[in-house]
Student: 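Below you will find the structure I want to go over with you.
As the structure is a computational prediction, the values presented were derived from the model and not from experiment.
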Amino acid sequence: MANAVPTVRPSTLFLDIGGVLLTNGWGRQKRRLAADEFKIDYAEMDERHHLSFNSYEDGKLSLDQYLDQVVFYQERPFSKDDFKTFMYAQSQPYPEMLQFVRALKEHYRLKLVVVSNEGRELTAYRIEKFGLRDFIDAFVVSSYVHYRKPDRDIYLLALDIAQVTADQVIYIDDRPLFIEVAHGMGIPSIQHSTVESTAAILATYGLALP
């Protein structure tokens, strides 16, 4: 989905992390892998996850507290550090998208702002591991700001932090609901699936690499 092409070339990109720049940090597939790896009842873990994860992403639980509620509510034959190491290892980069975004920023002197739902510890790991601080100008992350997408307040806060108006931004996310909410706020939005498709839409906004 994309809004009508603006008359002025955008100055800022709002970017999700999971599903756009990197793999999802702790999605359903990753949790199934963890359940298999550590011999945990997936259904029970998943139920506890859904009751706890919003609080973790909101910054109201630490990762240790989240894991105490979801995994370590009973004695386990593995350590919390072992489990966290597995969690962190599930994060992988999308090299082509990272390279493309870096090149766009350099060529057009764009401002890049992450707008993401993630827990604090996982975000810190991903920022450091994949060098996101090297090219991202600001991180509007749910665990930092205590708003979660699709709450409109997180998008309004991102606009304030970036000091731009909605028509100066393009928002890139892989989740349809988040795109729909931003679109409804007048923020030009692209539902990301591949580098090629996103690049083609950005080109219509005047953001094409030579």
Side-chain angles (χ1 to χ4, degrees), residues 1-25 27-29 57 91-118 123 126-127 129-142 144-145 147-210:
M1 178 187 295
N3 291 24
V5 178
T7 56
V8 178
R9 187 165 63 203
S11 65
T12 304
L13 297 184
F14 285 177
L15 300 159
D16 189 23
I17 296 181
V20 177
L21 299 177
L22 312 175
T23 58
N24 286 315
R28 184 178 293 108
Q29 183 184 21
E57 285 195 331
S91 292
Q92 297 296 321
Y94 290 131
E96 289 185 4
M97 189 62 179
L98 288 168
Q99 183 179 2
F100 174 65
V101 168
R102 283 175 177 265
L104 271 183
K105 177 184 175 70
E106 182 176 349
H107 188 75
Y108 291 105
R109 301 187 182 278
L110 295 172
K111 190 180 301 181
L112 303 184
V113 178
V114 155
V115 184
S116 174
N117 288 349
E118 285 196 354
T123 299
R126 282 148 74 86
I127 289 172
K129 174 70 175 177
F130 300 105
L132 302 186
R133 198 180 298 110
D134 296 344
F135 65 100
I136 300 294
D137 297 292
F139 293 87
V140 182
V141 179
S142 59
Y144 298 170
V145 303
Y147 298 121
R148 297 176 71 250
K149 298 180 295 186
D151 189 331
R152 291 172 177 244
D153 283 343
I154 196 169
Y155 300 105
L156 293 172
L157 183 60
L159 292 171
D160 285 344
I161 287 172
Q163 286 295 288
V164 291
T165 56
D167 61 347
Q168 295 173 303
V169 176
I170 300 178
Y171 170 49
I172 302 172
D173 200 310
D174 64 317
R175 300 290 182 89
L177 174 58
F178 300 160
I179 289 295
E180 290 162 13
V181 171
H183 178 92
M185 297 173 66
I187 299 173
S189 304
I190 299 170
Q191 185 180 342
H192 177 75
S193 56
T194 66
V195 178
E196 293 76 17
S197 63
T198 295
I201 298 172
L202 284 170
T204 68
Y205 289 86
L207 297 176
L209 290 176

Student: Is there a donor in the side chain of Ser189 and an acceptor in the side chain of His183, or the other way round, less than 3.5 Å apart?
Tutor: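 No, no side-chain donor-acceptor contact under 3.5 Å.
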Student: Mind checking whether Leu207 and Leu110 have side chains closer than 4.5 Å, heavy atoms only?
Tutor: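 A side-chain contact under 4.5 Å exists here.
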Student: Can you tell me if Gln168 uses its side chain to pair, donor with acceptor, with the backbone of Thr165 under 3.5 Å?
Tutor: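 Judged by distance alone, yes, a pair lies under 3.5 Å.
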Student: What's the verdict on side chain to side chain contact (heavy atoms under 4.5 Å, CB included) for Leu15 and Ile136, showing C-alpha distance, side-chain angles and the deciding distance?
Tutor: CA-CA 9 Å; Leu15 300 159; Ile136 300 294; 4.2 Å; yes
Student: Look only at the side chain of Thr204 and the backbone of Ile201, and say whether a donor-acceptor pair between them is shorter than 3.5 Å.
Tutor: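 Such a contact is found between Thr204 side chain and Ile201 backbone.
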Student: Between Asp153 and Tyr155, does any side-chain donor sit less than 3.5 Å from a side-chain acceptor?
Tutor: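 The answer is no; no qualifying pair exists.
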Student: Would you mind reporting whether Phe139 and Ser116 have side-chain heavy atoms less than 4.5 Å apart?
Tutor: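 A side-chain contact under 4.5 Å is absent here.
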Student: Determine whether more than 12 heavy atoms belonging to other residues, nucleotides or ligands lie under 6.0 Å from atom OH of Tyr147.
Tutor: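 Check fails, neighbour count at 12 or below.
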Student: As a quick check of understanding, evaluate side chain to side chain contact (heavy atoms under 4.5 Å, CB included) for Tyr94 and Thr194, giving each step before the final call.
Tutor: CA-CA 10 Å; Tyr94 290 131; Thr194 66; over 6 Å; no
Student: Can you name the nearest heavy-atom pair linking Val115 to Lys149, along with the distance?
Tutor: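 Closest pair (atom of Val115, atom of Lys149, distance): O-NZ, 2.9 Å.
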Student: Do Gln99 and Val195 make a side-chain contact, defined as non-hydrogen atoms from C-beta onward lying under 4.5 Å apart?
Tutor: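 The answer is no; the side chains never approach within 4.5 Å.
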Student: Look up atom CG in Leu159 and atom CD1 in Ile154, then write down how far apart they are to the nearest 0.5 Å.
Tutor: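 The CG atom of Leu159 sits 11.5 Å away from the CD1 atom of Ile154.
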Student: What's the spacing between Leu21 CG and Phe135 CZ if we round to 0.5 Å?
Tutor: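 Reported to 0.5 Å precision, the distance equals 5.5 Å.
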Student: Would you say the side chain of Val20 lies within less than 4.5 Å of the side chain of Thr198, judging by non-hydrogen atoms?
Tutor: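 No, side chains not in contact.
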Student: What pair of heavy atoms forms the shortest contact from Arg9 to Tyr108, and how long is it?
Tutor: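 Looking at all heavy atoms of both residues, the shortest contact is NH1-CE2, 3.4 Å.
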Student: What verdict does the side chain to side chain contact (heavy atoms under 4.5 Å, CB included) test give for Ile17 and Glu118, after you've listed the backbone C-alpha separation in whole Å, the side-chain angles of each residue and the deciding distance to 0.1 Å?
Tutor: CA-CA 9 Å; Ile17 296 181; Glu118 285 196 354; 4.0 Å; yes
Student: Can you tell me how far the CD atom of Gln191 sits from the CG atom of Asp173, to the nearest 0.5 Å?
Tutor: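 So the CD of Gln191 and the CG of Asp173 are separated by 8.5 Å.
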Student: Grab the two heavy atoms, one from Leu132 and one from Arg126, that are nearest each other, plus how far apart they are.
Tutor: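 The pair with the smallest heavy-atom distance is CG-O, 3.9 Å.
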Student: Donor-acceptor pair, Asp137 side chain versus Leu112 backbone, under 3.5 Å?
Tutor: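 Yes: the side chain of Asp137 pairs with the backbone of Leu112.
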Student: What do the steps show when you test Tyr144 against Thr123 for side chain to side chain contact (heavy atoms under 4.5 Å, CB included), and what is the final call?
Tutor: CA-CA 10 Å; Tyr144 298 170; Thr123 299; 3.3 Å; yes
